[in-house]
Amino acid sequence: MRKILVIQIVIAAIALLMAACGHSDTFVVNGTIEGAPTMNIRVIYTMRGQVFTGVTAATDGKFSFKAAAPDTAIVELYDNDYALLGRFLTVNGEDINLSLTRSPYRLTVEGNDISQRWAKFLSDNAEALQAADGRHNAVIAKYIEANPTDEVSTLLLITEYNVALSDSAAMQAQQLWQTLRWKPAGLTASFAMQLTAVADTAGHCTLDSLRYLRSGNTHATFVAADHPLTLIAISSERQGRDSTLATLRRIKDNRNRLPDGRPVYILDLSIDTDTLDWSRSLRRARAPWHPGWLHTGPATPPLRRLHIPTAPYYILLDSAGTQLLRTTTL
């Protein structure tokens with residue numbers, strides 16, 4: 001109890017000092033915690049790619065503090081055991097009012113529109129978000145796919161989405177990242193580095209063979225050793241099919257040669273989820289190369305190790321299956 005009292009005195013002194021600078025130089029937080037506990041609260045916030053930390057205290061479930069955020073910051077509150085209590089977005093000049101429980105998915109935030117909508121999504125989807133399986137990521141992905149320009153989509157991806165859940169989750173995270181429009185570097189740099197690390201790891205994987213379905217509903221197996229160079233093109237009717245066809249036709253018109261003149265074998269793979277879409281694609285393309293279909297898309301073993309981030313996507317392989325190039329355009 002004495003420790004808490006000392007912390008309260010220090011925080012109060014800091015608050016008085018900062019008050020002299022004016023509220024335009026700080027954001028102010030007032031909050032309550034369900035159950036009225038008296039406890040320390042750890043404050044961690046990210047701004048300009050840096051992490052700032054501090055400690056405040058709740059007395060009988062009530063707490064208040066202020067800090068400086070000249071740029072937009074994500075603020076996280078933890079209990080003394082580093083269990084997350086809640087998150088919000090803020091910047092200097094704002095007054096944030098919080099109502100917290102011991103679950104980070106059941107909170108209310110007042111003070112700015114983005115934080116309010118962020119908290120509402122978490123509360124509305126608390127049951128799915130508390131799940132330790134694919135339901136957690138699924139509800140986030142659904143929101144992002146429907147709202148790629150919404151700041152809340154970015155916040156959900158960088159703070160809540162579990163990239164490490166599975167190989168397919170890592171691939172989906174990269175795909176979702178590509179769709180987002182709001183990516184302030186000061187808030188998203190760490191997440192972007194995480195995705196880059198996944199891609200770098202994927203780039204060192206080899207692909208020596210791959211089984212796929214070809215026209216006529218027969219299976220075939222691609223073997224990298226059969227060709228000095230192979231260009232694998234990945235697309236779908238809903239994701240970049242037109243641009244992929246245009247690219248492959250240019251290569252075909254150039255006598256199956258890449259822009260740098262090297263001859264290449266073309267494997268045109270569809271990741272359509274529906275065979276009807278793939279059949280439509282085949283009729284439309286009349287492709288004079290080797291088309292195929294992957295019924296489980298980029299999650300097809302061993303393709304999933306390559307973490308295909310988006311479609312269309314191209315991978316250039318040598319005869320050992322080594323990836324020489326990974327790109328969205330040619």
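The closest donor-acceptor contact from the side chain of Thr38 to the backbone of Asp60 lies under 3.5 Å. Remark: side-chain polar atoms of Ser123 are paired, donor with acceptor, to backbone N or O of Leu107 under 3.5 angstrom. Formation of a donor-acceptor pair under 3.5 Å by the Asp79 side chain with backbone atoms of Asp81 is found in this model. Counting only distance, with no hydrogens or angles, the side chain of Tyr212 and the backbone of Ser270 share no donor-acceptor pair below 3.5 Å. The main-chain N or O of Thr108 is never found under 3.5 Å from a side-chain atom of Ser99 such that the two would form a donor-acceptor pair. A distance-only check finds a donor-acceptor pair linking the side chain of Asn137 to the backbone of Asn162 [under 3.5 Å].
At a threshold of 4.5 Å between non-hydrogen side-chain atoms, the residues Val29 and Val43 do not count as touching. Taking 4.5 Å as the limit, every side-chain heavy atom of Leu267 sits out of range of all side-chain heavy atoms of Leu231. Between Arg87 and Leu122, the closest side-chain pair of non-hydrogen atoms is not below 4.5 Å. Looking at Ile114 and Leu155, their side chains come closer than 4.5 Å, going by heavy atoms from C-beta outward. Side-chain atoms of Pro70 and Met47, non-hydrogen and from C-beta on, do get closer than 4.5 Å to each other. By the 4.5 Å heavy-atom criterion applied to side chains, Asn80 and Arg42 are counted as neighbours. Contact annotation: the side chain of Leu77 approaches that of Leu100 to within less than 4.5 Å [non-hydrogen atoms, C-beta and beyond]. Side-chain contact between Leu306 and Cys205 is present, with at least one heavy-atom pair separated by less than 4.5 Å.
Using a 4.5 Å cut-off between side-chain heavy atoms of Ile, Leu, Val, Met, Phe, Trp and Tyr, with links allowed through other members, Val51 and Tyr78 fall into the same hydrophobic cluster. Cluster membership check: Leu85 shares its hydrophobic cluster with Phe52, using side-chain heavy-atom separations under 4.5 Å among Ile, Leu, Val, Met, Phe, Trp and Tyr. Cluster membership check: Leu325 shares its hydrophobic cluster with Val264, using side-chain heavy-atom separations under 4.5 Å among Ile, Leu, Val, Met, Phe, Trp and Tyr. Ile144 and Leu129 fall within the same hydrophobic cluster, where Ile, Leu, Val, Met, Phe, Trp and Tyr residues are linked whenever their side-chain heavy atoms come under 4.5 Å apart, directly or through other members. Taking hydrophobic clusters as Ile, Leu, Val, Met, Phe, Trp and Tyr residues chained together by side-chain heavy-atom distances below 4.5 Å, Met39 does not share a cluster with Ile44.
Remark: Asp71 pairs with Arg48 by the salt bridge (charged side-chain N to carboxylate O under 4.0 Å, His left out) rule, at least two apart or across chains. Judged as a salt bridge (charged side-chain N to carboxylate O under 4.0 Å, His left out), and not counting sequence neighbours, the contacts of Asp133 are Arg135. Taking Asp124 as the reference, Lys120 meet the salt bridge (charged side-chain N to carboxylate O under 4.0 Å, His left out) condition, with sequence neighbours excluded. For Gln175, there are no side chain to side chain donor-acceptor pair (under 3.5 Å) partners two or more places apart in sequence or in a different chain. Glu94 pairs by the salt bridge (charged side-chain N to carboxylate O under 4.0 Å, His left out) definition with nothing, not counting sequence neighbours. Residues satisfying the side-chain contact (heavy atoms from CB on, under 4.5 Å) test with Pro104, not counting sequence neighbours, are Leu84.
Of all the heavy atoms in Ile33 and Ala58, the pair that sits closest is CD1-CB, 4.0 Å. Nearest heavy atom pair, residue Ala233 against residue Thr244, reads CB-CG2, 4.0 Å. Closest approach of Ala224 to Asp318, counting heavy atoms only: CB-O, 3.9 Å. Counting all heavy atoms, side chain and backbone alike, Val163 lies closest to Ala173 at CG2-CB, 3.9 Å. When every heavy atom of Lys183 is checked against every heavy atom of Trp177, the shortest pair comes out as NZ-O, 2.7 Å. The two residues Gly111 and Gln116 come nearest to each other via the heavy atoms N-OE1, 3.8 Å.
By the 30° and 60° cut-offs, the orientation of the rings of His227 relative to Tyr265 is parallel. The aromatic rings of Phe63 and Phe65 sit parallel to each other, their planes meeting at less than 30°, with 60° as the upper class boundary. Ring-plane geometry between His136 and Tyr105 is classed as perpendicular, the angle between the planes exceeding 60 degrees on a 0 to 90 degree scale with a lower cut at 30.
To the nearest 0.5 Å, atom CG of residue Leu330 and atom OH of residue Tyr314 are 6.0 Å apart. Once rounded to the nearest 0.5 Å, the distance linking CG of Asp226 with CG of Asp208 reads 11.0 Å. From Leu229, atom CG reaches atom CD1 of Ile266 across 11.5 Å, with rounding to the nearest 0.5 Å. Note that the CZ atom of Phe222 and the OG1 atom of Thr230 stand 3.5 Å from one another [nearest 0.5 Å]. One finds the CG atom of Leu317 at 6.5 Å from the CD atom of Gln323 (value rounded to the nearest 0.5 Å). One finds the CG atom of Asn92 at 8.0 Å from the OG1 atom of Thr90 (value rounded to the nearest 0.5 Å).
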Test side chain to side chain contact (heavy atoms under 4.5 Å, CB included) on Leu258 and Leu316; report intermediate values, then the result. CA-CA 10 Å; Leu258 295 171; Leu316 185 65; 4.0 Å; yes
Run the side chain to side chain donor-acceptor pair (under 3.5 Å) test on Thr149 and Arg181 for me, step by step, so that the C-alpha distance in whole Å, both residues' side-chain angles and the decisive distance to 0.1 Å come before the verdict. CA-CA 5 Å; Thr149 63; Arg181 294 296 175 266; over 6 Å; no
Please assess Phe191 against Thr154 for the test side chain to side chain contact (heavy atoms under 4.5 Å, CB included), listing each intermediate value before the final yes or no. CA-CA 10 Å; Phe191 184 81; Thr154 302; over 6 Å; no
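With respect to Asp272 and Arg241, no salt bridge is recorded, no charged nitrogen being found less than 4.0 Å from a carboxylate O.
Side-chain contact annotation: Ser115 with Asn112, donor-acceptor N/O pair under 3.5 Å present.
For Gln130, the CD atom is densely surrounded, since the number of other residues' heavy atoms within 6.0 Å is greater than 12.
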